[in-house]
Amino acid sequence: MRILFAIALTGKRFALQKGKLGTAPSSFSHCSFWVRAFSSGVYREKLSRNVLKDIKLDDAIGLFGQMVKSRPLPSIVYFSKLLTAIAKMKKFDLVISFGEQMQKLGISHNLFTYSIFINCFCRSSQLHLALAILGKMMKLGYEPDVVTLNSLLNGFCHGNRITDAVSLVDQMVEMGLQPDTVTFTTLIHGLFLHSKASEAVALVERMVVKGCQPNLVTYGVVLNGICKRGDTDLALRLLKKMDEGKIKPGVVIYNTVIDALCKYKHVNDALDLFNEMEIKGIKPDVFTYSCLISCLCNYGRWEDAAGLLSNMIERKINPNVVTFNALIDAFAKEGKLLEAEKLYEEMIKSKDCLPDVVTYNILIKGFCKCKRLDEGMELFRQMTGKGLVGNTVTYNTLIQGFFHDGNCDSAQMVFKQMVSDGVSASIMTYNILLDGLCNNEKLETALVIFKDLQKSEIEIDIFTYSIMIDGMCKAGKVGEAWDLFGSLGLKGLKPDVVTYNTMLSGLCRKSLMQEANALFRKMKEDGILPNSGTYNTLIRAHLRDGDETASAELIKEMRSCGFVGDASTFGLVTNMLHDGRLDKSFLDMLS
DNA sequence: CTAGGGTTAG
């Protein structure tokens with residue numbers, strides 16, 4: 001309790017007086033059911049019948065306007081019902097604004113309305129204002145209860161204060177309040193949000209011991225957290241556990257697990273779950289179908305995808321923009337731009353689900369891959385013309401497209417456009433930019449940008465360094481690349497297999513085989529597993545260097561690791577067989 | 001007689 005007080009007192013003054021959120025519209029043109037109900041005096045009855053949960057936003061605003069004008073003023077109970085309904089629509093700012101208006105009109109708040117405001121501030125990332133409200137209400141003599149503190153707990157969990165969240169639960173107990181299922185579920189969610197998955201899972205067990213049974217929400221939180229980590233086995237076990245208990249998983253729970261199975265490459269298990277839904281009478285929805293269709297497309301299982309598509313149409317589940325995008329993406333990835341465009345045209349014609357920025361990103365990427373940059377740009381203009389705003393992906397795609405097409409000027413022009421359009425460039429954008437410049441013999445320009453990047457706020461990843469090391473090596477500046485590689489440790493970055501391969505290939509290109517061998521040893525010492533690329537690069541270099549023995553040994557090692565010679569290695573060996581530099585037996589060893 | 005927690009597809 002002490003800590004709570006301390007937190008509350010450091011908070012700012014009662015925030016509802018600030019009025020920074022403006023006021024709600026006081027006039028409304030249509031005469032809605034709610035307003036009529038209110039003015040004819042039946043609002044008390046209507047409000048008490050729990051019908052407010054279905055109220056539309058406009059009606060809620062109108063109703064509030066009527067309520068504050070009516071005399072005598074309606075009881076605070078009616079206000080809190082209305083505010084709850086608006087909070088459920090996630091219009092947190094509006095709830096706060098209404099709270100301010102009530103305050104100005106002299107309507108005093110109570111524990112319930114204060115709790116609503118605390119919830120709204122927490123959910124709109126204004127934890128400090130939530131704490132200010134808590135301070136204010138406690139000064140007025142209202143003791144926060146489990147509901148109030150659960151809201152605050154949620155605020156701590158979302159506000160990067162997981163330690164405070166954990167101690168808040170301890171304080172609840174000290175205050176003599178019994179944490180309930182909501183408390184545990186909130187904290188479990190917070191632990192997942194802060195990557196403390198095992199603590200989250202352990203807490204599920206603890207809550208059972210404390211007499212709180214996990215409910216559907218708890219399972220939703222836990223399954224979602226587990227699925228995001230890719231622990232599909234545990235997810236499937238939990239799904240079974242729900243069945244054994246009395247909690248019926250609904251379509252959303254199934255969708256979550258099906259999605260994870262798709263993402264983590266267990267397509268057939270996902271299809272099994274889809275069939276299981278059928279048996280249990282749980283109706284799949286557009287999420288279920290879109291997820292499975294897109295996954296099947298990614299695996300090239302067109303027939304199966306088409307089957308599901310017609311199945312969903314038969315069942316009158318309308319494909320939406322995500323479904324269309326999955327199909328357009330499938331065609332575009334196959335290079336079938338004509339078909340992709342046909343689907344896009346169909347979307348526009350039918351008007352039921354219009355293309356969005358993702359649709360355009362998919363199509364633009366398709367055109368870029370075919371080096372049809374003019375058409376890619378044309379689509380970009382079409383999209384902008386429709387009032388859609390390009391995002392980082394859109395610009396990244398075009399920049400990369402122009403670079404791959406060897407058109408550095410246009411690439412840099414798009415980058416400038418991106419900056420002037422106010423779309424933030426991510427490290428991915430810079431990686432594309434640096435990679436493009438390096439691959440188009442513009443190492444010097446890349447170095448200038450790289451230096452600026454190092455000074456900026458943007459967090460450079462290991463991939464950026466790999467790109468620069470590669471660029472330097474390709475420009476013949478292996479010494480500089482080596483220095484950059486060596487500086488990684490000082491920056492707290494660990495070279496990964498790509499960085500090692502890049503550096504190795506640079507050394508090999510200069511026939512610095514001793515250095516390459518030493519680096520290869522260091523790589524293994526550092527616990528970085530060589531991949532097929534590592535071995536093939538070294539094997540080719542040793543062959544070019546005339547060291548048949550070293551190559552042969554590496555081939556043995558590579559094959560024992562389950563890798564095989566790649567196309568370039570086979571090409572080199574074939575050439576060397578032809579001009580007699582290699583013996584036929586060498587080819588047998590490789591294949 | 002009112003307040004609190006969560007989740008899914010491109």
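Letters A, B, ... are given to chains in the order of the sequence lines, protein chains preceding strands, and every chain is numbered from 1. The model shown is predicted, which means the values in this text are computed figures rather than measured ones.
- Comparing atom distances between the A/Val252 side chain and each of B/dA9, B/dT8, B/dT2 picks out B/dT8 as nearest.
- Judged as a salt bridge (Lys or Arg N to Asp or Glu O under 4.0 Å), and not counting sequence neighbours, A/Arg237 has no contacts.
- With sequence neighbours left out, the salt bridge (Lys or Arg N to Asp or Glu O under 4.0 Å) criterion links A/Glu375 to A/Arg372.
- Less than 4.0 Å separates DNA chain B from at least one heavy atom of each of the following residues of residues 186-215 of chain A: A/Thr186, A/His189, A/Asn215.
- Side-chain N/O atoms of A/Thr256 and base N/O atoms of B/dT8 include no donor-acceptor pair closer than 3.5 Å.
- Residues A/Ser167 and A/Asp170 bring no donor and acceptor atom of their side chains to less than 3.5 Å of each other.
- For A/Arg315, the side chain to side chain donor-acceptor pair (under 3.5 Å) partners are A/Glu278, A/Tyr289, not counting sequence neighbours.
- Judged by distance alone, with hydrogens and angles left aside, A/Asn320 brings a side-chain donor or acceptor within reach of the base of B/dA9, the pair sitting under 3.5 Å.
- For A/Lys241, the salt bridge (Lys or Arg N to Asp or Glu O under 4.0 Å) partners are A/Glu205, not counting sequence neighbours.
- Atom pair A/Asn255:CG and B/dG6:P shows a separation of 19 Å (rounding to whole Å applied).
- When the P atom of B/dA3 is taken as reference, atom CZ of A/Phe121 falls 19 Å away, rounded to whole Å.
- Contacts of residues 390-401 of chain A with DNA chain B (heavy atom under 4.0 Å): none.
- The stretch residues 216-225 of chain A touches DNA chain B through A/Leu216, A/Val217, A/Thr218, A/Val221, A/Asn224, each having a heavy atom within less than 4.0 Å of the strand.
- Residue A/Lys263 places none of its side-chain N or O atoms closer than 4.0 Å to OP1 or OP2 of B/dT8.
- Straight-line distance from the CD1 atom of A/Ile133 to the C1' atom of B/dA3: 14 Å, rounded to whole Å.
- Contact annotation for A/Asp180: base contact, defined as any heavy-atom pair under 4.0 Å involving a base atom.
- The CZ atom of A/Arg229 sits 17 Å away from the C1' atom of B/dT7 (whole-angstrom rounding).
- A/Asp145 pairs by the salt bridge (Lys or Arg N to Asp or Glu O under 4.0 Å) definition with nothing, not counting sequence neighbours.
- Counting only heavy atoms from C-beta on, A/Asp259 has its side chain closest to B/dT8 among B/dG5, B/dA3, B/dT8.
- Per the geometry, NZ belonging to A/Lys283 stands 23 Å off P belonging to B/dT8, to the nearest Å.
- Proximity of A/Thr84 to the phosphate of B/dT2: no side-chain N or O atom is located under 4.0 Å from OP1 or OP2.
- The separation between A/Asp356 atom CG and B/dA9 atom P is 15 Å, rounded to whole Å.
- Using a 4.0 Å heavy-atom distance criterion, A/Thr181 is classed as a base contact.
- Under the side chain to side chain donor-acceptor pair (under 3.5 Å) criterion, A/Ser290 pairs with A/Thr323, sequence neighbours left out.
- Put simply, the side chain of A/Pro319 does not reach to within 4.5 Å of the side chain of A/Val286, judged on heavy atoms.
- Closest to the side chain of A/Lys228, from the set B/dT2, B/dT8, B/dA9, is B/dT8.
- As judged by a 4.0 angstrom heavy-atom cut-off over every strand, A/Asn361 is placed among residues making no nucleic acid contact.
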Do any side-chain atoms of residues 393-400 of chain A form donor-acceptor pairs under 3.5 angstrom with protein atoms, and if so which ones, sequence neighbours left out?
unit_1: A/Thr394; atom_1: OG1; unit_2: A/Asn361; atom_2: OD1; d: 2.7
unit_1: A/Thr394; atom_1: OG1; unit_2: A/Asn391; atom_2: N; d: 2.9
unit_1: A/Thr394; atom_1: OG1; unit_2: A/Asn391; atom_2: O; d: 3.3
unit_1: A/Thr394; atom_1: OG1; unit_2: A/Asn391; atom_2: OD1; d: 2.9
unit_1: A/Tyr395; atom_1: OH; unit_2: A/Asp421; atom_2: OD2; d: 2.4
unit_1: A/Asn396; atom_1: OD1; unit_2: A/Thr429; atom_2: OG1; d: 2.8
unit_1: A/Thr397; atom_1: OG1; unit_2: A/Val393; atom_2: O; d: 2.6

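- Judged purely by atom type and a 3.5 angstrom limit, A/Asn110 uses its side chain to pair as donor or acceptor with the backbone of A/Thr113.
- Here the nucleotide nearest the side chain of A/Arg123, chosen from B/dG5, B/dA3, B/dT7, is B/dG5.
- Note: CG (A/Leu82) to P (B/dA3) measures 11 Å, nearest angstrom.
- Remark: ring of A/Phe287 overlaps the six-membered base ring of B/dT8 in a stacked fashion, centroids less than 5.5 Å apart, planes less than 30° apart.
- Regarding contacts with the backbone of B/dG5, a side-chain N or O of A/Asn119 is found under 4.0 angstrom from either OP1 or OP2.
- Set against B/dG6, B/dA9, B/dG5, the side chain of A/His158 has B/dG6 as its closest nucleotide.
- Crowding of A/Met428 atom CE: a count of heavy atoms from other residues, nucleotides or ligands under 6.0 Å not exceeding 12.
- When the side chain to side chain donor-acceptor pair (under 3.5 Å) test is applied to A/Arg301, the partners found at least two apart in sequence or on another chain are A/Asn268, A/Asp304.
- Look at NE2 on A/His109: it is 14 Å from C1' on B/dT2, rounded to the nearest Å.
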Between side-chain atoms of residues 332-345 of chain A and protein atoms elsewhere (two or more places apart, or another chain), which donor-acceptor pairs fall under 3.5 Å?
unit_1: A/Lys333; atom_1: NZ; unit_2: A/Asp329; atom_2: OD2; d: 2.9
unit_1: A/Tyr344; atom_1: OH; unit_2: A/Tyr360; atom_2: OH; d: 2.8
unit_1: A/Tyr344; atom_1: OH; unit_2: A/Gln382; atom_2: OE1; d: 2.7

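- At the heavy-atom level, A/Val321 lies under 4.0 Å from base atoms of the strands shown.
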